[in-house]
Participant: 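Below is one structure. I have some questions about it.
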Number of protein chains: 2
Amino acid sequence: MRVTGVVVEYNPMHNGHLYHLEQSRASTSADAVVAVMSGHFLQRGEPALVNKWARTKMALQQGVDLVLELPAAYSAQSASLFAYGSIAVLDRLGVVDTVCFGSESGDIRPLQALSNILVEEPPLFKTFLREELQKGHSYPRAASDALARFAALDPAIDSELAQKPNNMLGLEYLAALKKLNSSIEPATITRIAAGYNQETITHPSIASATAIRKATFETGIETAENLLPAVSYRVLQEEFAAGRGPLSWENYRQALFTLLHRATPDGLREYVGVDEGLEHRLLEAALRAATVHELITLTKTKRYTWTKIQRALTSVLLGLTRREQKELSVADGPPYIRVLGFTGRGQAVLRAASSRASVPILTKLPKEKPKMLEFDLRASRLYAQGYSARQPGAELWDITRPVQIENW
Amino acid sequence: MRVTGVVVEYNPMHNGHLYHLEQSRASTSADAVVAVMSGHFLQRGEPALVNKWARTKMALQQGVDLVLELPAAYSAQSASLFAYGSIAVLDRLGVVDTVCFGSESGDIRPLQALSNILVEEPPLFKTFLREELQKGHSYPRAASDALARFAALDPAIDSELAQKPNNMLGLEYLAALKKLNSSIEPATITRIAAGYNQETITHPSIASATAIRKATFETGIETAENLLPAVSYRVLQEEFAAGRGPLSWENYRQALFTLLHRATPDGLREYVGVDEGLEHRLLEAALRAATVHELITLTKTKRYTWTKIQRALTSVLLGLTRREQKELSVADGPPYIRVLGFTGRGQAVLRAASSRASVPILTKLPKEKPKMLEFDLRASRLYAQGYSARQPGAELWDITRPVQIENW
């Protein structure tokens with residue numbers, strides 16, 4: 001059985017994701033597709049539009065065979081840590097042959113050459129990185145520019161690829177595969193298929209999920225209907241009708257402002273991602289901002305990007321301090337694989353994995369929980385505070401909800 | 001100039017308060033009445049129905065000449081600490097001749113005899129207190145019962161007075177006067193005047209403020225109109241219309257549940273008032289409760305009274321740890337007197353006090369703020385998170401609002 005892995009957030013799962021899923025399956029001749037999916041807090045540092053169970057349903061009903069949860073300790077973090085956690089989950093399952101991700105070029109070899117630089121960090125690259133950071137750029141921008149400068153010295157490498165932001169996550173996946181010494185083969189597909197009809201199906205990019213969320217918040221989910229597969233649209237409608245979304249940072253306004261207003265600069269600096277004076281800017285902005293959007297707008301600078309600030313706010317909301325992050329041992333990779341749901345083929349994957357996975361596969365939660373799993377539960381309890389209608393028992397759904405089985 | 005002090009919360013100021021104010025003025029032949037008033041978090045461990053500026057307006061327009069703020073470090077604390085802080089403010093002003101409080105009997109002498117026991121803590125009283133606590137009673141109940149048992153040994157003392165809960169705060173005021181070695185004379189008036197018409201004017205007790213709040217939340221402020229003086233009614237209507245009330249714990253639901261859901265038992269136990277296993281009960285209850293009312297109901301036991309739990313929740317919301325309470329040096333008394341407002345006569349009091357007060361009198365905030373004052377500002381910022389309609393700049397009102405001058 002050929003198994004292909006993908007890294008997803010599905011926030012929400014749209015036509016572009018569907019296209020990527022089908023391309024991944026076809027181009028790797030996969031018998032089954034395994035998705036590792038962020039839980040409730042996402043890579044851009046945002047709460048998910050709808051909860052992970054709803055997003056799992058979308059995935060399973062639209063072609064994913066097995067959904068594994070990326071632990072919260074990795075999901076709202078830098079591209080590098082996010083990629084490392086995601087690839088580690090797929091690697092530890094023990095049965096994934098290929099990991100397939102989208103890129104601008106659709107060719108894996110030039111990306112490999114670039115990612116080697118990220119892994120090996122040659123002294124000259126580090127010098128370039130320091131220089132770019134000194135210009136006041138954000139870390140991702142500096143890394144991308146330094147990578148391009150270093151790569152330009154080698155005519156065999158297409159240095160322009162480093163500066164396309166959509167490639168950076170791909171480079172990090174490749175770097176993670178190397179760091180983990182994984183036997184999983186990387187593969188990439190182009191993000192836009194030739195002849196693909198832009199008018200009826202959205203551009204399969206992160207931006208289009210952004211556009212769908214924007215439309216949902218501003219004019220209602222109805223105006224995004226033609227951007228979504230029928231299954232996603234129905235699941236979203238159900239969730240919204242039940243008061244479980246659409247969620248954004250504004251749903252956590254009181255919690256977040258309370259945490260900021262009771263914090264000292266020193267206390268705030270203990271949270272992961274709050275550094276380099278960000279604590280003072282956040283505390284100042286909190287005194288003036290009426291919304292979380294305003295808070296971020298007032299805090300933003302060239303160095304503190306929107307995403308960096310949102311990730312820092314996620315750490316504040318979840319109470320993730322540097323000390324706790326150390327205790328979570330993120331560098332060791334996740335010590336468990338959490339199953340959110342599976343199809344019939346997904347169950348076959350799980351059966352094969354049962355003797356090959358290098359960490360326990362959890363279809364229900366053990367009594368003795370690793371710290372990293374406790375942190376996932378905390379993230380879920382806190383996510384539940386944002387629902388517009390009270391959901392009885394929502395703080396315990398991680399424990400009470402059975403693993404989802406679909407398309408049997 | 002004869003100056004009489006009163007300790008108030010005015011949550012809200014009702015007919016009973018008005019009666020007590022007039023009785024206090026008359027019975028002590030006062031030229032001016034100074035009220036020390038809790039700010040935003042009150043002795044029962046609750047956020048105030050409306051903010052301290054609105055409550056100051058009620059007080060000044062209805063006969064109080066000078067309103068001083070009881071620092072938040074004292075306001076949501078045990079009867080003993082609340083009384084100590086309040087009496088210390090009046091004492092440090094340097095010009096208060098008499099402090100007048102309501103009691104069941106209206107006679108100060110038997111209360112003096114009882115309060116001496118609280119100050120001196122004879123070994124036998126302490127033994128009784130330990131025994132009563134061992135029965136599983138709350139601290140206030142145990143203290144009251146131990147006091148009654150000890151007093152019963154002395155036929156000169158009316159031991160029954162110890163068991164009337166409305167007397168306990170009075171006993172603590174007397175104890176505070178003694179601890180502070182204050183020259184202020186205590187006086188008491190009976191809580192219910194003979195022949196007082198129960199049908200047109202409410203019973204002047206804490207219970208009636210409770211009844212007014214209950215009516216306000218359940219059936220609207222209109223149904224409480226005949227229980228309130230016209231000024232209070234108008235101020236409350238204005239505040240509510242502007243989205244600044246009525247506030248209760250439910251207005252802080254997300255903030256409070258977020259703080260609980262991200263806390264560990266050890267972390268929770270650091271907060272003032274969270275002790276003796278209360279942390280586990282709170283964390284368990286938070287997983288099941290839909291409202292703060294349910295949270296407290298699920299947490300309550302014979303030992304953990306409603307009030308004790310609410311005070312503990314106030315510490316959690318305000319982030320008041322035992323360590324910070326130590327840093328605030330509450331036992332030394334407030335290092336400043338914060339003026340919220342005054343009338344013409346109040347200004348004369350302030351003028352007289354300017355050369356006699358033992359700590360700075362603040363009519364505006366200094367640049368260098370004592371820790372205790374910083375804590376007041378934090379309490380105000382956090383209180384502002386409960387307004388139903390966003391109030392621009394509300395987090396800075398402590399700094400931007402001038403002291404109130406009324407009835408000039």
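Just so it is clear: chains get the letters A, B, ... in the order the sequence lines come, proteins before strands, and each one is counted from 1.
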Participant: Report the residues that fulfil side-chain contact (heavy atoms from CB on, under 4.5 Å) with B:Pro360, sequence neighbours left out, ordered by chain and then residue number.
Facilitator: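 Here the qualifying residues are B:Leu362.
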Participant: Select one option (side chain, backbone, both, neither) describing which atoms of A:Leu287 are under 4.5 Å from chain B's heavy atoms.
Facilitator: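 Both parts, backbone and side chain.
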Participant: For A:Ala384, is it the side chain, the backbone, both or neither that has a heavy atom under 4.5 Å from a heavy atom of chain B?
Facilitator: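 For A:Ala384, there is no contact with chain B at all, as no heavy atom is under 4.5 Å.
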Participant: Tell me which of these, B:Ala286, B:Ala289, B:Ala379, has more heavy-atom pairs under 4.5 Å with chain A than the rest.
Facilitator: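 Of the options given, most contacts go to B:Ala289.
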Participant: Apply side-chain contact (heavy atoms from CB on, under 4.5 Å) to the pair B:Glu9 and B:Phe82, showing each step before the final yes or no.
Facilitator: CA-CA 11 Å; B:Glu9 303 216 82; B:Phe82 172 85; 4.1 Å; yes
Participant: Please say which of B:Lys57, B:Arg244, B:Arg55 ends up in a side-chain hydrogen bond (donor to acceptor under 3.5 Å, both in side chains) with B:Glu239.
Facilitator: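 It is B:Arg244; the other options fail the test.
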Participant: Counting heavy-atom pairs under 4.5 Å to chain A, which of B:Arg381, B:Arg288, B:Glu374 comes out on top?
Facilitator: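 Greatest number of close heavy-atom pairs with chain A: B:Arg381.
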Participant: Out of A:Ala263, A:Gly319, A:Ala290, which one racks up the most heavy-atom pairs below 4.5 Å with chain B?
Facilitator: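 Sorted descending by pairs with chain B, the first entry is A:Ala290.
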Participant: Please report the interatomic distance CG(A:Leu278) to CG(A:Leu283), rounded to the nearest 0.5 Å.
Facilitator: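 With rounding to 0.5 Å, CG (A:Leu278) is 9.5 Å from CG (A:Leu283).
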Participant: Check each atom of A:Leu259 against the heavy atoms of chain B and say whether the ones under 4.5 Å are side chain, backbone, both or neither.
Facilitator: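 Only the side chain of A:Leu259 comes within 4.5 Å of chain B.
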Participant: Are the side chain of B:Tyr252 and the backbone of B:Tyr383 linked by a donor-acceptor contact shorter than 3.5 Å?
Facilitator: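 Judged by distance alone, yes, a pair lies under 3.5 Å.
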Participant: Here's one to test your reading of the geometry: is the NZ or CZ of A:Arg338 within 45 degrees of the ring axis of A:Tyr336 and under 6.0 Å from its centre?
Facilitator: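 Checked: cation-pi criterion not met.
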Participant: What option among B:Gln254, B:Glu395, B:Arg378 has the most heavy-atom pairs under 4.5 Å with chain A?
Facilitator: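 Top count of heavy-atom pairs under 4.5 Å with chain A: B:Gln254.
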Participant: Side chain, backbone, both or neither: which part of A:Arg262 has an atom under 4.5 Å from a heavy atom of chain B?
Facilitator: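 Both parts, heavy atoms under 4.5 Å.
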